[in-house]
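One structure below.
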Protein chains: 2
Amino acid sequence: MAGEGGRTEALGIGEVAARTGLSVHALRFYEREGLLVGPVGRTAGGRRRYTTLDVEWLHVCIRLRESGMPLADLRRFAELVRQGPGNEAERLSLLNAHQQRVDEQIRALEECRSVIAWKVGVYAEHLARGEATGLWDPTARTRPPRA
Amino acid sequence: MAGEGGRTEALGIGEVAARTGLSVHALRFYEREGLLVGPVGRTAGGRRRYTTLDVEWLHVCIRLRESGMPLADLRRFAELVRQGPGNEAERLSLLNAHQQRVDEQIRALEECRSVIAWKVGVYAEHLARGEATGLWDPTARTRPPRA
DNA sequence: GTAGGAGCTGGAGCGCGGTCTAGATCAAGT
DNA sequence: ACTTGATCTAGACCGCGCTCCAGCTCCTAC
């Protein structure tokens, strides 16, 4: 009776793997590492039964991991959520700190991108006007004295 | 006589480390791995003497690595450059492929960032209006039947 | 000539984030 | 009842990109 409407499906690990893109190995690993927000249910026979809430949480985890959050931080965040209300300030600061790191990453990547784009441009132009000029010739390296 | 003007300083490994931010270990490692565009010079006593060209190349390497190019690809690129003119098309395609991966990374990171920003917003608002409502309560987990 | 620091080589070790294996159990179809 | 396939646990293993160590040599300064 308590909100069965699509919200509380019980999912096997394989199904969850399919829905999240994580391997079943990774799912078990995440659980062992304490990255989940609550104990995963089990059937009588001992198989894991995930809920759609677990899956939602996993999707959050995936984003955080994708953006480079280390497992340790993710574990800490999960702990906070598990502990329930009262520690929202810490959760916020954790996320804020991570967001800043992500911003920095993006900035760095964009800088790299522009360097690469420039080099791509150089080669493209070089090829366009037909092999003519040498770009960089490590062959003609000017070595320091001592012939 | 041949272009000594600041261009062809001979630098010790420590100096290069300082200029690039790579450790001396990493520099020796890169050399062993064939990531450099030419053999590094040596003094009579066997010490490495880098040129400013080496340093420039290292700066390129750093950007490529920072943006996630695997050592294997970087090695291939270095090989191509080492081989001299004639393979610009391959160099270009290598860089192009990498640029695309970088673009994709940036896109993914921005997506993560927006998810994180949203969560940050939720927590911030929650805290702002004082602890009132529960956000997510894993305590009140609706477990699948059997209880 | 001698002390101290930078550099050399070869190879072992490490941190991270999973991945994989073995061997057993559970569950569904026929 | 039997087969087939998904899942279980514990623990070993892996790839990447360095990092670090031992033991030695080379320089520079005093």
Side-chain angles (χ1 to χ4, degrees), chain A residues 9-36 39-51 54-55 58 60-78 98 101 105 108 112 144 146, chain B residues 9-36 39-51 54-55 58 61-78 98 101 105 108 112 144-146:
Chain A
E9 292 171 68
L11 308 165
I13 197 170
E15 182 59 23
V16 174
R19 292 194 188 192
T20 58
L22 295 169
S23 70
V24 295
H25 303 291
L27 286 169
R28 295 195 275 246
F29 172 72
Y30 277 23
E31 183 178 344
R32 248 183 292 147
E33 293 294 303
L35 307 184
L36 305 187
V40 175
R42 296 290 182 132
T43 65
R47 271 85 202 286
R48 293 173 178 80
R49 292 287 86 165
Y50 294 85
T51 67
D54 291 320
V55 174
L58 281 168
V60 173
C61 289
I62 288 167
R63 293 302 189 172
L64 293 174
R65 289 284 309 113
E66 259 186 24
S67 51
M69 182 182 282
L71 289 192
D73 293 14
L74 188 43
R75 171 160 43 239
R76 177 68 187 144
F77 187 48
H98 184 59
R101 283 189 300 265
Q105 271 186 82
C112 293
R146 215 102 313 138
Chain B
E9 290 172 71
L11 306 165
I13 197 171
E15 183 59 25
V16 174
R19 293 193 187 190
T20 56
L22 295 169
S23 69
V24 295
H25 303 292
L27 285 169
R28 293 193 277 245
F29 172 72
Y30 278 22
E31 182 178 343
R32 247 183 293 146
E33 292 296 302
L35 306 183
L36 305 187
V40 176
R42 297 291 181 129
T43 65
R47 270 88 198 283
R48 292 174 178 79
R49 294 288 86 166
Y50 294 85
T51 66
D54 291 318
V55 174
L58 282 168
C61 290
I62 288 167
R63 294 302 189 171
L64 293 174
R65 290 284 309 113
E66 258 184 25
S67 52
M69 181 181 284
L71 289 190
D73 292 14
L74 188 43
R75 172 160 42 243
R76 177 68 186 142
F77 187 48
H98 184 60
R101 283 190 300 264
Q105 270 185 82
C112 294
R146 213 96 316 131

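Quick caveat: nothing in here was measured; it's all calculated off a predicted structure. We name chains A, B, ... by the order of the sequence lines, and we start the count at 1 in each one.
In this entry the distance linking OH of A:Tyr50 with C1' of D:dT7 reads 11 Å, nearest Å. Distance CD1 (A:Ile13) to C1' (D:dT9): 12 Å, rounded to an integer number of Å. Nucleotide D:dG17 holds its C1' atom 12 Å from the CG atom of B:Leu74, rounded to whole Å.
Residues satisfying the ring-ring contact (aromatic ring centres under 6.0 Å, His included) criterion with A:Tyr30, sequence neighbours excluded, are absent altogether. In this structure A:Arg63 satisfies the side chain to side chain donor-acceptor pair (under 3.5 Å) test together with B:Glu111, sequence neighbours excluded. For B:Leu74, the side-chain contact (heavy atoms from CB on, under 4.5 Å) test picks out B:Leu35, B:Cys61, B:Leu64, B:Arg65, B:Met69, with sequence neighbours left out. By the side-chain contact (heavy atoms from CB on, under 4.5 Å) test, A:Arg42 pairs with A:Glu31, A:Arg48, sequence neighbours left out. Qualifying side chain to side chain donor-acceptor pair (under 3.5 Å) partners for A:Thr20, counting only residues two or more places apart in sequence or in other chains: none. Evaluation of the side chain to side chain donor-acceptor pair (under 3.5 Å) rule for B:Arg75 yields B:Glu33 as partners, not counting sequence neighbours. Considering only residues two or more places apart in sequence or on other chains, B:Arg47 meets the salt bridge (charged side-chain N to carboxylate O under 4.0 Å, His left out) condition with none of them. Contacts of A:Glu66 classified as side chain to side chain donor-acceptor pair (under 3.5 Å), with partners at least two apart in sequence or in another chain: none.
Of the residues A:Leu22, A:Leu27, A:Val40, the one that meets the side-chain contact (heavy atoms from CB on, under 4.5 Å) test with A:Val16 is A:Leu27.
With the nearest nucleotide of DNA chain C identified for both A:Pro70 and B:Glu31, B:Glu31 has the one nearer the 5' end.
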I'd like a list of close polar pairs between nucleotides 27-30 of chain D and the protein, N/O only, cut-off under 3.5 Å.
unit_1 : atom_1 : unit_2  : atom_2 : d
D:dC27 : OP1    : B:Gly45 : N      : 3.4

Pairs under 3.5 Å (N/O, protein and nucleotides 18-21 of chain D):
unit_1 : atom_1 : unit_2  : atom_2 : d
D:dC18 : OP2    : B:Tyr30 : OH     : 3.1
D:dC18 : OP2    : B:Arg65 : NE     : 2.9
D:dC18 : OP2    : B:Arg65 : NH2    : 3.0
D:dT19 : OP2    : B:Ser23 : OG     : 3.0

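You'll find the side chain of B:His98 stays beyond 4.5 Å of the side chain of B:Asp73, heavy atoms only.
From the 5' end on, the contacts that DNA chain C makes with chain A at under 4.0 Å to a non-hydrogen atom open and close at C:dG17 to C:dA27.
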